[in-house]
Every structure is written in C-alpha cells, then in structure tokens.
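Below is one structure; the comments refer to it alone.
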Amino acid sequence: MGGYGDVKLLRDDGLRLDGRKIDEMREVEIEAGVLPAADGSAWVKHGLNVAVCAIYGPMEAHPRKIQRQDRAVIDVRYNMAPFSTSDRIRPGFNRRSREISKVTAEALESVVLVERYPRSKIRVEIEILAAEAGTRCVGITAAAVALADAGIPMRDLIVGVASGKVEDTVVLDLDKAEDNYGQADLPMGILPTTGEIAFLQMDGDLSVDEYNTCLQYNMKAAKEIHTIMVDALRRRYESKNGGEK
Amino acid sequence: MGGYGDVKLLRDDGLRLDGRKIDEMREVEIEAGVLPAADGSAWVKHGLNVAVCAIYGPMEAHPRKIQRQDRAVIDVRYNMAPFSTSDRIRPGFNRRSREISKVTAEALESVVLVERYPRSKIRVEIEILAAEAGTRCVGITAAAVALADAGIPMRDLIVGVASGKVEDTVVLDLDKAEDNYGQADLPMGILPTTGEIAFLQMDGDLSVDEYNTCLQYNMKAAKEIHTIMVDALRRRYESKNGGEK
Amino acid sequence: MGGYGDVKLLRDDGLRLDGRKIDEMREVEIEAGVLPAADGSAWVKHGLNVAVCAIYGPMEAHPRKIQRQDRAVIDVRYNMAPFSTSDRIRPGFNRRSREISKVTAEALESVVLVERYPRSKIRVEIEILAAEAGTRCVGITAAAVALADAGIPMRDLIVGVASGKVEDTVVLDLDKAEDNYGQADLPMGILPTTGEIAFLQMDGDLSVDEYNTCLQYNMKAAKEIHTIMVDALRRRYESKNGGEK
Amino acid sequence: MVELVPKLLRQELNKLAEEDKRIDGRKRWESREITLETNCLYNAEGSAKVVWGETVIYAGVKFEVRTPWPDRPTQGSLMCGAELRPVAGRKYEPGPPSPESIELGRVVDRGIRESGCIDMDSLCIIPGEKVLGIMIDIHVLSDKGNIFDACALGAIAALRTAIVPAERFDIGEDYPLSVSMTPTMCSFTRVGGRYVLDANEKEELGGDERIHITLGDEGHLHSLQKGLKGTFTPAEFDEILQVAQGRCKELANLVNAQEE
Amino acid sequence: MVELVPKLLRQELNKLAEEDKRIDGRKRWESREITLETNCLYNAEGSAKVVWGETVIYAGVKFEVRTPWPDRPTQGSLMCGAELRPVAGRKYEPGPPSPESIELGRVVDRGIRESGCIDMDSLCIIPGEKVLGIMIDIHVLSDKGNIFDACALGAIAALRTAIVPAERFDIGEDYPLSVSMTPTMCSFTRVGGRYVLDANEKEELGGDERIHITLGDEGHLHSLQKGLKGTFTPAEFDEILQVAQGRCKELANLVNAQEE
Amino acid sequence: MVELVPKLLRQELNKLAEEDKRIDGRKRWESREITLETNCLYNAEGSAKVVWGETVIYAGVKFEVRTPWPDRPTQGSLMCGAELRPVAGRKYEPGPPSPESIELGRVVDRGIRESGCIDMDSLCIIPGEKVLGIMIDIHVLSDKGNIFDACALGAIAALRTAIVPAERFDIGEDYPLSVSMTPTMCSFTRVGGRYVLDANEKEELGGDERIHITLGDEGHLHSLQKGLKGTFTPAEFDEILQVAQGRCKELANLVNAQEE
C-alpha cells in the first residue's frame, strides 16, 4: 500500500470519491466464450479493469517432470498487457506477476477436480488489458468463469474480491486512488457456496477488528459477483444450445 | 530506410558516389570450403561485406520436438560479429537477426531437397564479419554455396540480391550510404535457373512501376552472381579431386 | 591484479600491514557437517572469508545428456552471496563465477574416484558468505572437506592456497589490500599427500624465480591447512559416532 | 501424429482448389467479416479491438517522453511490437518471444513506419532534449488465421485514434496524434497450389508460403515479406498485388470511418 | 516414485493427527528450537544467522546511495529478496528465481515494509538528489521446513542490528539504522487435516496449504499469504490468528534481545 | 556412442606416446603451421585472421568513448571476449555463453591485460569525463584444436595493428594504438601420459588436462590456467615452462612482423 500523502478519499457526506458507499462494489460485467481459439474463455469488466481468460486443456502435461501421477496440474499465467497501465510496462513476466500466477494456480487447484485428469495439464491464461486496482481478483473471477465455460468440473466457483482501509475506514473494493493512497488491502478468493477461502493475500495495516469487517464485506461481494458469473454462464449455455454456433 | 536528410547520392554525370552505374553491382568474390571443421563452407566478399557460412549435417534433429517425420529442418543462425559494424554490437541475437534467420531458413527450405532426410537437421551458420549494407543477401549467397559444398542436394541455388531507390531513381545493389539515406530497399532470394523467388522483403516507398524495375535489376544481378558461385564450386571441386587434400 | 597506485603494503619492520610475516597465512577455522539438509557439508573461515559448501549425491545425472557412461560428473556452483562484498553484487552468476565453477569442478574431478559412480552426478554447492580475497581457494578447501563429510571416496584431499607478489616481494596468502594493490596472485589447489597440483591460475607479473618461491610457500601452507581439515573431519566423525546424532 | 492431420487436410485443400473452392465456402479473393472497435481500453492512449472472423486481437498505444538520439535531435520515435502469448492458441507456448512473434511485430512495424504516416519531427517537444516516443503493442488473443492483417489493422486504427496525453506530461493540453496516412496490410497464402486472400487457420495449416503486402494511400508499396517454405513467380506476384490494391483501400476506409 | 513417499507419509500424518500428535513429538502449537546470531559476516552492514531446528538461513543487509524517484524526492527505499539456491536442499535446482523463491522474498518484504518500521523519509540524504537504499538479501542454506518464519526472523534481526556505513559514503559518521518496530512472521500448515505451527520438512511434504501471518508490535496484521492447494474457513483463521498473536511477541523479543 | 570413440582414440594415443610419436606425425614440442593476416575486415579498427593448422579464428578490435570509473578518472579500459558459436564445430550449440567460451575469453584477456602492454592512462581523453574503451572480440570459425593459442595470437595481433578512430570521435586525427609488449600464449595438453605442445582436435578429445601459459617480452609469467580433469607435478611444469619460453618468442616475432 502507498499509505502516504494527504489525499482525501472520503467525502464529507461519507461517500467515496466516485460516489460509492463504503460497502459498495464497482460495476461488474461478465461474458463467457469470447475467444474462439480457446477451449473455454471469459471476459470480465470490473470497474475500469478488463481481464480476459483463455483455458486450454486438459491436455498431456509436458515436459514430463511437471506431470503428477494422480492429478492434473493447473498452469496459470497472469500477465499485464503493456498498455494496461498508466506507464507502459515492458512485455514479459516480472516478480509480481510470477507470484500472482503461483498463488492463483494454487487457489484454482483447490476447486478444480484435478484428480479426474491424472498426468494432464490445464492451461489458464489470464490477460489484463486494462488495470484500475484489484486486477488479481478480476483475474480469478475470469478464470473461474472460463474454466466452467471449458466444461472442467469444479466443486465450486471462486470469486475474487477485495476490501481495504482508507482514512481509517474499512471499504469494499478499492479503486485506483484508494489503492494508491489507502492503508490496507485484503484480496480474497472465496468459494461462494461454502464460504471457504482459497486465495488470501493482504498488505498494509489492519487491526483484528478491521480484518473482520473486511472479511464480512468480501463475503457479501462474493455473493453479488457470483450471481453475475452464473448469469453469464447461463447466457453462454443458451447461445451455444440455441443453435447460434 | 532512413529516407531523410539532404544527402546527395547521385553525381551530376549520372553515376553513383562510388562510380558505379545505376544498374551495376559491387564486386563479388566467393570461395568454397574455407572452414575445415564444417561439413561444407563458403566465404563471400560482396563490396566490403564479408560473410562466412558453415554447414553441419544432415544430423539427427534434437530436441525431438523440432523433428519432422517427412523432412529435414533447416536451422539457420544469421549472426553479426561484434566488430562487423561501425559501432560495436553486443554479442548475441537481437530481433533483427532472429527475423532474418527465420526468413532465410524458409528460403533455403524452398530449394534444399529436405524430404530426402526425414527427422534430421541441417545447421546453417551464417556469420557476418564485415557489414556494408545488404548482409542478409550476402548471407543467402554464402549459404547456398556452403550447402552445395556440403553435398546437400538442392533443386537450384539461391542468389541473394537487392535493388532500391535513391533520389527517386531505382538503383541496383545499395551500398552503405545509399542504404542509410535511400528511399527503398528490395532484397530478394532468386533461383537463378527458374527465376522463382524464395526470399522477399521490402521497406520504404516504391510505386508499382519502380517495383518492376527493381525486380528486373535483381534478376540481372542474380545471373551475374550465379556465375561466380558456380565458378567457386568448380574450383573447390577441382582442388578436392586434384589431390590437394 | 590492481597493480597501480602508491599503496604501501609492507611495513618498515618487514612485516605486512596486518602484522603477518611474508610467509605466514591468515587464521583458518573449519567445521564439517554444518548443514543438515545436505549429504555432506563444511564451513570454512579463512581470515575474514567465510565459505560454506553443501554436497548432494551421488545421484542420477539428469538431464541425460550430461551423463557419462563411465564416471560421475561433478557439478560445481561457486556463488557469492549479494552481501559478501563491499558493494552488493546482484544475485545470479556472472562470468567470473562461471569460470571459477568450471575450473573448480575440474580440480575436484581429479581427486574424487568418479569412476565408482557411472552415470551419476555429485552436486557441489559453494557459497561465499563473506569475501576478503582468496575466496576461490577457500571454496576449494570447503568443497574437499564437504566431500569427505559426505563419504565420497577421494584419492586425496585438495587444499586451496595462494601466494603472490606485493612491492616486488613474494608473500603467502594475500589479504584484501594486498590483492587490490599487489602485483601478482598465484592460487593453487594442492593434493597434500602427493604434492600434485589439481588447480592452477595466475595473473599479474612473476619471473620464473618468483614463481618458484610462490610454489614453495603454497606447498608449505597446504600442509598447515591440511592438518586443520583433518582435525575438523575427526571432530565431525567423533560427534556423529558419539551418539549426538 | 500432429503431422498426419496436415497431410489429409492438404489433400482436401488440393481437391477443393481444383474446383476453385475454399474450405469455408469463400471465394478466392473474399475476406472474412471484420469488426473494428476503437477507444475500448482504460489507460491506453489509443486502442483497437479487431474481430476478424474468429481471430481476435487488441492493439494499444502508449506514449513516453524521452531524450532524442544525438544524431536526430528533433525526431521522436515509433515502435511496434506484437506478442504471441499462450493465450492466443493451443500451439503457443510461454517463453521468450518466438521468431513468429518477432516477424509479426517487425512486418507490421515496417508497414506503418515506412509509409511515413507519422512525421517524426512532429513528435519533438524541445529539440535535443525531449521528444515523444510512441509504442504500439499488439496482443493476439485468439488466432484463427491471418493474424498479420488483423494486427496491422488494429495497429493503424489504434494509432489514428490516439490522444497524446500532453497534460500528464506537463506539455500543454491533450491533443489527437497527427497521422497522415492509413497504410494497411493484405496477406496471401498459397493453398492447394494457388494464392488466396485471408487464409483461415485450416488453410494456413495445410498451405504453403504466404506474402504480406502493405500499401499506402497512393497504392505505393511500403513493406513486403515472404514467409514460410515455398517460392513464387513474378507473374503470381503481379496478380496478388492487383488484388491487394483494391482490398487495402477497403481496409483503410474501415479505419478512417472510426474517426468520425 | 517420488510421489509414493508423500502418500504413505500422508497416511502416517493423518493417523498421528487423530491422536493430536506430531511426527517429531511436538505439540500442535509448539515451535522447534531457534538460535539467532547477529553481526556475523564481514562486509555485510547487518547480518543474522538463524538456526531454526535443522533449517539454516543467513540474512545480510547492504546499503547504497542512489537517486530518489522523481515523485518521492525525500524517500529512500527498502528491498528484500530471498534466494532458494541449490545449496538449500536436494530438491532445489539451479536456474532463474523460482516462483517459490519469489513468493518467499515478497512475503517477507511485505511484512517488513508494510509494518512501517523503516521511515523512508529518514533515509533522505539530499532531497531530490541522494537517498539511501536498503537491500536485505536472504540466503537459505538448509531447508528442513518453515523457511518463511526463519527468513522473516533473520531479515528483521539483520535490519535491526545494521549500521549505516556513512563514512564509506562520505556522509558523516557511521550510525545504527533506525528501525521502529519488530514485525515477525508466524506460519501454519495444514497437516492431517488441522493446522500446526512451524511445520518441519516432513509435515510440509505430507501436508496441504499454509498460511503466513506477519504481525507488528501492536498485534496488527501487516501481511497475509495463503500458499499451496487447499482452502480454509474463517473460523480456522480466527484460531491460528490468536496463536500467532502470542508467538509473534516471543519472536520479537528474541530479536530485540540481540540489540543489547 | 560418442564415448566409445575417445576410448579407442585414447588407446591409440597411449601407444603412440610410448614410441614418442604423435597422431599427425609431429614431434612433441612441434607446432602446426600458422598463417597470420591483419587488417582484413572493414569496420573493425584492428583485425586479425589466424589459420593455425585447420583451426580458423578472427579477432576484431573496436573502440568506444566512455565515462571513466569514478575511482580511476584517468584510466581507459580493455575488454576481451571470445565467442564459441555453433559455427565453430559440430559440438558447439547455440545458447548463452558456455563455461568453455567464458574461460577462453578470460584467459586470453588476463594474458593481455596483466602484461601491462596497454597503458590505461594513455587512453584518457578528458580526465574524469572521457576515456577510450578497447574491446577485442574473438570469433572462432573452425575448431580443430588449440583454439586458446590461436585466439591469444589473433587478439594481440589485432590490438597491435589497431588504429584509434579519433576523427570519428571528434578528438583529433586517427593514430595507431600504442601497445608496449607482445604477450603470447603457449598451451600444453597431456596426451598419452605426457605433455605435448599445440594439441590438435584428436589429441584434445583423447587427452587429459591442459596448461595455458602466457609470457611477456621478458619471459615473465602473466597468466596461468589449468583446465580439465587431471593433475601435474611441479617438475612437469618446469619442463613445459622452458619450452614455452622459446615458443612464445617465436609467436611474438610473428606478430611483430605484421607491423612493418
């Protein structure tokens, strides 16, 4: 978290700079099946963030040494397009994207029924086309929808959500200014049906009480986004079976 | 193409700065069999350009995944020595050399009888020791002679030639100044016997008519260089069979 | 060798800046078996240098192409920790460490009975934690002790030692100032029992006579350090068999 | 295994070619349908999404302020790169840029650069001190054939709709980038022995060499490239060049329509 | 082959867990023994050696003088990196930094950085021109489980005992770096279905996901990270957070005792 | 497969050695024929081609103007690197510099640098601001044994005939680089149990360790290096050092003859 400077993030009327309430999330739009070359895909717009995810597989895992005898491996690449940020970023992976790819893969492995596909690999390609704070969560949401679109069995979806702290106040779903000048950020990957947590990171400064408020906001948001995810998958299913393709 | 500045490239007598006529190429010298460690090799001096090419193979293609069941792969490396240019260039490949390697390999695959050597690999190592404009063409010429020296069957040789435009005039075989300050460059890899084109790149600005003049100049030059290539191969053959080695 | 500047390295009383005689080496401490995760290990403090070495293996050599049908390969990595030098060095290998790794591996292959372990690999991980001139020699000493600790059969130990020249005088075991401002450095890896040389490098300026004096000093130092190595291995053996582990 | 498919596919394509047919029913010089959308991404100063048949690509333009090269103190710079990341298709693998992606980026780059559509001197802020650098990045998201033409179209469309973020750089008010031409690319692939326009992914898999032609507003050639194994005759080139003359105009019109 | 061992190990760990036992006899919330030594390396401006059970790590602090970022002219910088080189264990291979080592370094880095224990403004030498950069490098020499906590402990201990080499930089006399807090990390691994503190290498091999919690002096959370396959419930987290509150205080005391 | 050949070759070499013979008929301390050509490449400011038996190498010298290191404001720099690219032989593979090529470059570099033949102060243009950097690049084109000596010879020959391109750098008229000595290298390989001079590629394949000795004009040692598996005794070294004394003088004469 930036955590410095005297930037005012809450208005006198208690609302946030963009007019949202403290427990209100940004608008979310989801579409499944947007990339014809992939076995499954999704497009998610969350605020001004845009993420696209393509699924390839299950396919034979190679090189051989990455194979697991009893399950599929999930091979995630989280990547930011060079034009996705205010200052252009050089193409290729950096330490941040490698860490996010690792923990995202581990979160997805927690829900995909990987034991159904021994020795195989499922490629999850998350591309961030526009970044406005919270891209790792948007990527997780996109990956869950794309996996479902690819027909890969999962015991639940995962929803990527985050809460944080600005001006000593806990708020849901930080936007760019709040992320830059806020005091804490708590991104989570939540299983909407069971309320289990498959993805967890946090940085900044949170008391135990503040943590609990963040958790409560995240749970609420997970349910809201879940509805939008299911709706996108239903539309995709209908379009496929309605003869359009 | 540079294409800017007020550099005068044609003299008042209609000749070029180095005294050549507009459809006259630089001097070309070729020697085959210059590198004892290689299975075939060639040295080409074209103007002040010097290129050397070594052939290794056909040999087993590995790693396995590059193998082709029905033919040999041609593995070309076009490389400029650090001391080959005015400003020293760092050793190792760059985007330019990778692109040239790719399209050169594809051009050579068009003439080598690759289906005679399934699952194998032919390594073509092109090293530019001195660069004075037009090195990709000199490299192609060197590769063709070296392949022939290695006894690899081809349906024709390839000759690397280029024409271009300076001061709105089409000229054959641009030298360094003409390349830096000219308006267009059209390098080609021509099969001297059939007149087919196996290599084509172009950048700059050419009308359709100018393109056709360039093509005509290139065809003429290809014939001239072809004679020198054949002569080098004949000398090499005689020296091998004349008992010198 | 730096070899420039007017730095005085010998005192008027004939001793060196740190009070050592010209044929006196820095203090050496050795401990074997310091890294529980390794199959063998050693810690060597030589002056202010600190080196640690871990041995893994013999194990199957892979990738396959590094395998030797008739012997084990010795895979050495000499690495300087980022905090081991006055100016932090970037993590990762550089040209210097790759060269040292290569010649160190070749020296160790000269004493390890590699033919006992066909197709296998012995990993030797040398980590320099603090550097005060002469680290390649300290690393060799550490590797020899660690190999012995791992129970890998050798026809002799190797001792890393160095002599050099400062102010036109041959001295044993250069320290940091002497290394920076001296005129020559002659590091060797000596087999203490036979007096054979398995490791040799040298740079600077030495006459043949000076070379011979350096050699004589190195032989003397090798015997002294050998005693300390054997003592460390005896303590380690007693501690293992005294029931502590 | 993988190589059996192309063999059968090749036979099928040869047979269709004899009857002058294509595998998806198109005519020889007929293109697939194209949807072009610009200004579609937050943070990019120019952006375009191209859906070309089932091929999907995005292009984004970013600017930077930088020091000019000493020998060209008044000139800005233009750089165009393409990424063929694993998202684009099953055959794409992670790793350093492949020769394919380097070629793609460089061919698109040359077409735009050599057309002269950007006046490099117009990118000067303070001679010898500050100039603008333009960076076009192209991202292929779904490769179902002919990514070259799709990428070239996206690149020029993103460029022609780009806004220079002058305020962010403290050099005045934002303004649209000045682009004086609309170079577009037209690619031909040899399928069943003869060239066709806009090959789809099956035609590419079972076809041979291809030729990429970039033409400017006057129909002048700005970039040529032959790719893959195969040769062509001058007469064959004359034929496709003529087709390209018509087609490039249509593509340019598609781009220019975005700006209104 | 390699994978058979974990299966058997997993069965054994499950059985032990039913009886609330651990494979090395420890209690569920019991840590292994820790030895901490600081100031042990020539050339490092701060250093620590941690022997945590059979896990051995070194941390070293170096300073540099550098130009501040234009948008933060008075702020120095802190960077923490970890290397999991082949020395650390049989399973580690040479090559570019693995995802594991990147995660390790970044989680330790966030815990220290986000605690605010370093006042970045205190690292300013000349505003806009010169600031101090602090670099903490962590070297894992023997991985026998729970390297995260060992590395975090070594890093903060090396930092808290570091001396700024001001003389070498020509900016006055050497002085101890000012560090206002002692953030420490406490990690939990799911073994046999329930979380345990400070897993050893066998428990890690036969266990599931882990949670890393970094707490500051006030018991505030500064960094969280879940790693590996597996999920947890909010109630489970509440329980381990409470354990961490006590344990982190003990670790901080261990560090603070070094400074006397 | 590959390893059977060396075993047979080794037997043959051992047998020959017993009769004090070599595989190509040379005497123990006899070198192959050497052809040295300088000034043979456009764009290089110094260049040399060495044909040493069937081994072929090129060396090229380039200069640059650069900022001196703060602690040595009047000193220029010298850098020598070697590339063992796939062109050099069937066994060489593409990829990052191999340990072999790094060793080759560094051993040649040390021999030249440590002889002091370049006065680094003579490379100063403006103290603290501009100095010359010399870069020698060596390119092995055909490795048929003993590339070390061939590369060292080419490097010093290119250096001794180099012209500083002062006009291009706007610092006066071009002038020959001043080089005060001619260090040369002499390498010995253990073949059939005893050392021989100038091993060819078969002797290297079926031989053991080698020793590289670089001597300056006074017969002083400037660089030593032992490579490959094997040991030697001080007495063995004495013998080859004496051979090297004579041989290096001959090589230096060969270089010096180029300058006339």
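All values below come from the heavy atoms of this structure, side chains included, with hydrogens, waters and symmetry mates left out.
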_Interchain contact, F/Asp208 with chain C, by part (heavy-atom threshold 4.5 Å)_ = neither

*asked:* With a 4.5 Å cut-off on side-chain heavy atoms, are C/Val112 and F/Lys229 touching?
replied: no

_Could you check whether F/Arg110 pairs with C/Glu99 (Lys NZ or Arg NE/NH1/NH2 to Asp/Glu carboxylate O, under 4.0 Å)?_
yes

*Are the charged groups of C/Lys102 and F/Glu103 less than 4.0 angstrom apart, N to O?*
yes

*Salt bridge or not for C/Glu106 and F/Arg210, using N-O below 4.0 Å?*
no

*Does some side-chain heavy atom of F/Phe237 sit less than 4.5 Å from a side-chain heavy atom of C/Leu215?*
no

_Exam field: side chain C/Ser110 to backbone F/Gly230, donor-acceptor pair closer than 3.5 Å_ = yes

*Against chain F, label C/Leu186 side chain, backbone, both or neither, depending on which of its atoms sit under 4.5 Å from a heavy atom there.*
side chain

*Checking heavy atoms, do the side chain of F/Gln245, its backbone, both or neither come under 4.5 Å from chain C?*
side chain

*What residue among F/Asp238, F/Leu241, F/Leu215 forms side chain to side chain contact (heavy atoms under 4.5 Å, CB included) with C/Val208?*
F/Leu241

*To the nearest 0.5 angstrom, please state how far the CD1 atom of C/Ile100 sits from the CD1 atom of F/Ile102.*
11.5 Å

*F/Lys226 side chain to C/Ala198 main-chain N or O, any donor-acceptor pair under 3.5 Å?*
yes

*Any donor and acceptor pair, going by atom type alone, linking the side chain of F/His222 with main-chain N or O of C/Gly204 inside 3.5 Å?*
yes

*Which bit of F/Leu228 comes within less than 4.5 Å of chain C, counting heavy atoms only: side chain, backbone, both or neither?*
both

